[in-house]
Amino acid sequence: MTIYRHFYVKSHAKTTPDINLKDLPGSAGRLDVIARCINAAFWLSYGIRKDVVFHTILHGEPNPPVYIRMEGEKLRKVSPDERNIAIFIKKALERMKEDKEIESTPGIFVSKKSFEQLLEENKGRDFYLLDENGESIEKVEISSKPFFFLGDYKDLEEEEKELLYDYGAQPVSIGKNSYLSSHCIVIINWWLDRKGF
Ligand SMILES: C[S@@+](CC[C@H](N)C(=O)[O-])C[C@H]1O[C@@H](n2cnc3c(N)ncnc32)[C@H](O)[C@@H]1O
């Protein structure tokens with residue numbers, strides 16, 4: 001049985017497709033952070049992790065929230081560099097419909113969706129909030145339906161954390177240092193690999 005690894009990273013990136021691919025960290029609203037998280041979630045040196053599902057909600061202006069999901073089993077033609085990943089996010093924003101989810105390119109799904117809707121739709125999974133002050137990952141028994149939640153360059157808002165706790169989320173720490181979100185994802189993937197997931 002495949003154990004799917006779900007990751008959510010909140011994003012403050014802009015929500016229109018007029019993304020300047022030469023300025024991902026600036027005018028695109030730190031889209032570089034999300035691109036690196038996507039790289040960290042999926043790429044091995046010889047291919048893509050098919051057991052990963054990556055979720056983000058873009059919260060930037062002018063049209064938030066925009067929900068994007070990437071499914072490793074179905075992803076095609078995306079390459080691991082930040083610019084290429086950003087091109088696929090740009091295509092998702094260009095093709096998004098206000099009233100329904102669409103598959104903008106193979107394995108990439110886009111729609112209007114709030115954080116609460118995302119949690120409600122995934123409440124059958126076990127939620128883990130990545131938090132420096134949480135329980136050490138060494139002491140936490142990770143379930144076979146894990147869904148990990150992270151901030152980008154800013155932490156999740158308190159209300160978002162409270163909502164996660166309402167859905168039974170467990171705070172999990174990978175150490176006392178505050179790591180970049182993409183590095184946290186690499187560490188979680190490595191940890192799950194070691195555990196034989
Ligand atoms: C770059 S950090 C956020 C930075 C910082 N806390 C702030 O708001 O300025 C991005 C995310 O990585 C996760 N994270 C970072 N270090 C962690 C650690 N040691 N254990 C668990 N999660 C961590 C948290 O989810 C955090 O929101």
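As a basis for the values below, the full set of heavy atoms in this structure was taken, side chains included, without hydrogen atoms, waters or symmetry mates. In listed order, ligands and their atoms are each counted from 1.
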(request) Could you tell me which residues satisfy ring pair (Phe, Tyr, Trp, His ring centres under 6.0 Å) with Tyr8, sequence neighbours excluded, listed by chain and number? (result) Phe115, Phe149
(request) Only pairs at least two apart or in different chains count here, so list each ring-ring contact (aromatic ring centres under 6.0 Å, His included) that has a residue in residues 153-197. (result) His12-Tyr153
(request) Would you please indicate if the ring centroids of Phe54 and Phe7 are separated by under 6.0 Å? (result) no
(request) Non-hydrogen atoms closer than 4.0 Å to ligand 1: which protein residues do they belong to? List them by chain and number, please. (result) Leu130, Asp131, Glu132, Leu150, Gly151, Asp152, Tyr153, Lys154, Asp155, Val172, Ser173, Ile174, Gly175, Asn177, Ser178, Tyr179, Ser181, Cys184
(request) Determine, stepwise, if the pair Ile3 / Asp51 fulfils side-chain contact (heavy atoms from CB on, under 4.5 Å). (result) CA-CA 7 Å; Ile3 296 179; Asp51 56 355; over 6 Å; no
(message) Would you say that Pro62 contacts Thr15 through its side chain, given a criterion of any heavy-atom pair below 4.5 Å between the two side chains?
(response) yes
(message) Filter on salt bridge (Lys or Arg N to Asp or Glu O under 4.0 Å), then keep only pairs touching residues 59-69, sequence neighbours left out; what's left?
(response) Arg69-Glu71, Arg69-Glu101
